[in-house]
Amino acid sequence: MSHNTPHQPHALIVDDEPDIRELLALTLSRMGLASSEAETLAEAHGLLQQRDFDLCLTDMRLPDGNGIELIRHLQQHRPELPVAMITAHGKMEIAIEALKAGAFDFLNKPVELQALRELVNSALRLTGNGPRPAPSGSELQLLGASPAIESIRQMVRKLARSQAPIYISGESGTGKELVARLIHAQGPRAEMPFIAVNCGAIPAELMESELFGHKKGSFTGAQSDKDGLFQAAHGGTLFLDEVADLPLEMQVKLLRAIQEKAVRPVGAQQESHVDVRILSATHKNLAAQVQSGHFREDLFFRINVIELHLPSLRERPEDIPLLVGHITQHLAAQMGITPPPLDSCALAALQHHPFPGNVRELENILERAMTLCEGAQISTNDLQLPAGRPSPSPAERDEPALGAANLEDYLERIERKLIEQALHQNRHNKTAAAKSLGISFRSLRYRLQKLGME
């Protein structure tokens, strides 16, 4: 009587040091993996021809070549096979070269067993031999049918399989956090936390505590131990948005945390190990920030192992009708109405608008238009597009939108005050209040919901 036995994952270990091979093989065996060992590149190629593997661990220096050559060979001929580079401690330039060549991840010598186990588990989830398959992230959508967006989708699928740090560049409103979430959701860390932090929104004096945590009594107000965002993202992904806004002092500490895979909470005597994948983004030109001395060059090269540039909405106007349909349906569901279509003139106006604020600006325009729309269709007048607004220059796009949040708060306070006055003057008769404000009852109801006044 035969029994179907589950597939035992098999690893290829390539290292010319017998004690390293023995340590790796023993650790993998205790995790339920079989392994084959090779001392040279030639032996490794021979074993790769004989059988399939689920994981490859290779040293950099080999008697007849180096591990980078093996990584490039596997990237070309076995792209589905996760391969990790074992590097000498402190040789980050080699680790970065390996990641650029297609390595899944890297390990520092002396090999820490905990880091090795975490790497192996991530690799096996990629090949379908991990504890559970990762979810697809289908609830997240990168909308569009243009060649530019299809190219981004393909890159996301490829980058999701790696553990290399990714730098996502692009103008404000292009969807950098969405793309970061997609990379996380389609990768082996999908079931672990995704932690997003806006580096420009945290006061400089609180930055270290927020990122790395603190010990009780380490500063005034530290009444208990607290984990930082690195610890919260352990096993998963940490997304550093607007990373260019980090103070130089914090850039040094972030670089060390990434290189050592460890953090030291404020007030702690020892570092603690963290396993996170770093994704970062900014709307600024990070290379220009390095040249001006506002961003450390060594940190730039560390987080910018692979750059993924997102196109502006101006570069893909053919996607605007699809985006309009999706956004109006979403807004209509929130407002409890049937989504009004755009007339042909309104749609043409949107396709010729420069959109300095990209998809986020399109969302705001359509939200305003649906609130103002009195007819069966959204017209060009409902869109209230600024006349003759020129496309922003590269220098203007690089500047942060200072005061935007304050302006929104100010306008919201004015809107709230006007509505309160209208309701008071009309004894809280909403139909009469809407008439006195010059808007429809539906628009007033939507604004009340948005402002939390119902």
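All residue numbers in this chain count up from 1 along the given sequence.
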Enquirer: For His10 and Ser35, which I'm curious about, is there any donor-acceptor pair between the side chains at under 3.5 Å?
Expert: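 No donor-acceptor contact under 3.5 Å links the two side chains.
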
Enquirer: Testing the basics here: between Gly67 and Met85, what is the closest heavy-atom pair and its distance to 0.1 Å?
Expert: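 Between these two residues, the closest heavy atoms are C-CE, 3.7 Å.
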
Enquirer: Using only atom types and a distance under 3.5 Å, with no angle test, would you say the side chain of Arg277 pairs donor to acceptor with the backbone of Thr237?
Expert: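 Not a single qualifying donor-acceptor pair exists.
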
Enquirer: Going by atom types alone, do Asn358 and Thr174 pair a side-chain donor with an acceptor below 3.5 Å?
Expert: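 Side-chain D/A pair, Asn358 to Thr174: absent.
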
Enquirer: Taking atom CZ as the centre, does Arg61 end up with more than 12 heavy-atom neighbours from other residues, nucleotides or ligands that are less than 6.0 angstrom away?
Expert: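 Count not over threshold, so no.
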
Enquirer: Provide the closest heavy-atom pair for Ser169 versus Glu307 in the form atom of the first, atom of the second, distance.
Expert: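 So the two residues come closest at OG-OE2, 2.7 Å.
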
Enquirer: Provide the closest heavy-atom pair for Pro165 versus Val305 in the form atom of the first, atom of the second, distance.
Expert: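 Scanning both residues, the minimum pair turns out to be O-CB, 3.5 Å.
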
Enquirer: Enter the distance from Arg368:CZ to Leu331:CG here, rounded to the nearest 0.5 Å.
Expert: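 The distance works out to 12.5 Å.
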
Enquirer: Is there a donor-acceptor contact under 3.5 Å linking the side chains of Ser292 and Gln289?
Expert: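 No, because no side-chain N or O of Ser292 sits under 3.5 Å from a partner of the opposite role on Gln289.
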
Enquirer: Report the distance from atom CG of Leu113 to atom CZ of Arg30, rounding to the nearest 0.5 Å.
Expert: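 The CZ atom of Arg30 is 8.5 Å from CG of Leu113, to the nearest 0.5 Å.
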
Enquirer: OH/Tyr167 to CG/Leu279 distance, rounded to the nearest 0.5 angstrom?
Expert: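 Taking OH in Tyr167 and CG in Leu279, the distance rounds to 13.0 Å.
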
Enquirer: Students often mix this up, so state it plainly: with edges at 30° and 60°, are the rings of His234 and His273 parallel, tilted or perpendicular?
Expert: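 His234 vs His273 ring planes: perpendicular.
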
Enquirer: Would you call the rings of His326 and His330 parallel, tilted or perpendicular, taking 30° and 60° as the class edges?
Expert: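 Rings of His326 and His330: parallel, under 30°.
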
Enquirer: Please find the pair of heavy atoms, one from Arg296 and one from Gln251, that lie closest to each other, and give the distance.
Expert: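 Answer, listing the atom of Arg296 first, then Gln251: N-OE1, 2.7 Å.
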
Enquirer: Minimum heavy-atom separation for Ser122 and Phe104, please, with both atom names.
Expert: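 The answer is CB-CZ, 3.6 Å.
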
Enquirer: Looking at Ile195, Asp275, Leu254, which one forms a side-chain contact (heavy atoms from CB on, under 4.5 Å) with Phe230?
Expert: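 So the option named by the test is Leu254.
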
Enquirer: Atom CG in Asp319, atom CG in Leu313: separation rounded to 0.5 Å?
Expert: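 Between Asp319 CG and Leu313 CG, I get 7.5 Å after rounding to 0.5 Å.
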
Enquirer: Could you tell me if Arg161 and Gln186 have a donor-acceptor pair between their side chains, going purely by distance under 3.5 Å?
Expert: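 There is no such pair (donor and acceptor under 3.5 Å, judged by atom type) between the side chains of Gln186 and Arg161.
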
Enquirer: Can Glu171 and Lys176 be said to form a salt bridge (Lys or Arg N to Asp or Glu O under 4.0 Å), step by step?
Expert: CA-CA 9 Å; Glu171 297 174 14; Lys176 293 187 287 293; over 6 Å; no

Enquirer: CG of Leu41 to CD of Glu69: how many Å apart, nearest 0.5 Å?
Expert: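 That separation rounds to 5.5 Å.
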
Enquirer: Under a plain distance cut-off of 3.5 Å, with no hydrogens placed, do Asn108 and Thr87 share a side-chain donor-acceptor pair?
Expert: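 The answer is yes; a qualifying pair exists.
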
